[in-house]
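First up is the structure itself, then whatever we jot down about it.
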Amino acid sequence: DLIGYAAASLTTAAFIPQALLIWKTKRADGVSLGMYAIFTCGIALWLAYGLAIGAWPVIAANAITLVLALFILTMKIRNK
């Protein structure tokens, strides 16, 4: 589980700079709407999978990443 939590922490943290930049500038020009829409759906499915198998590293990482991805996607749509 330790490796899973480490991987989850790093991949989830990778979204924080993008989310902070969008929050600060209120602009998401460089973000692909299609990519983030597909990615967000994929993260939701990974979360569902993690819940189905009871894998806490998968659940924790994807729950947090889903929130960040939804924020980025929402800002992209809102500021289009």
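Bear in mind that the values here come from a model prediction, so they are computed numbers and not experimental data.
Remark: of the listed residues L68, L73, I72, L73 is the sole one forming a side chain to side chain contact (heavy atoms under 4.5 Å, CB included) with T40.
In this structure, the separation between CD1 on I59 and CD1 on I53 is 8.0 Å, given to the nearest 0.5 Å. Interatomic distance, CD1 of I16 versus CG of L21, reported as 13.5 Å (0.5 Å rounding). The line from OG of S32 to CD1 of I38 is 7.5 Å long, rounded to the nearest 0.5 Å. Atom CD1 of I43 and atom OG1 of T11 lie 8.0 Å apart (nearest 0.5 Å).
Side-chain contact between F39 and T65 is present, with at least one heavy-atom pair separated by less than 4.5 Å. Counting heavy atoms from C-beta outward, F71 and F15 have side chains that stay 4.5 Å or more apart.
Within a 6.0 Å radius of OH in Y49, no more than 12 heavy atoms belonging to other residues, nucleotides or ligands are found. Counted within 6.0 Å of NZ on K26, heavy atoms from surrounding residues, nucleotides or ligands total more than 12; the atom is thus considered enclosed.
There is a path of hydrophobic side-chain contacts, each under 4.5 Å, that joins L70 to V31. Transitive grouping of hydrophobic side chains (ILVMFWY, heavy atoms separated by less than 4.5 Å) brings Y36 and L20 into a common cluster. V67 and V58 end up in different hydrophobic clusters when Ile, Leu, Val, Met, Phe, Trp and Tyr side chains are linked at under 4.5 Å.
Side chain of K76 to backbone of L33: no donor-acceptor contact under 3.5 angstrom is found.
Across all their heavy atoms, A61 and T12 have their closest contact at O-OG1, 3.3 Å.
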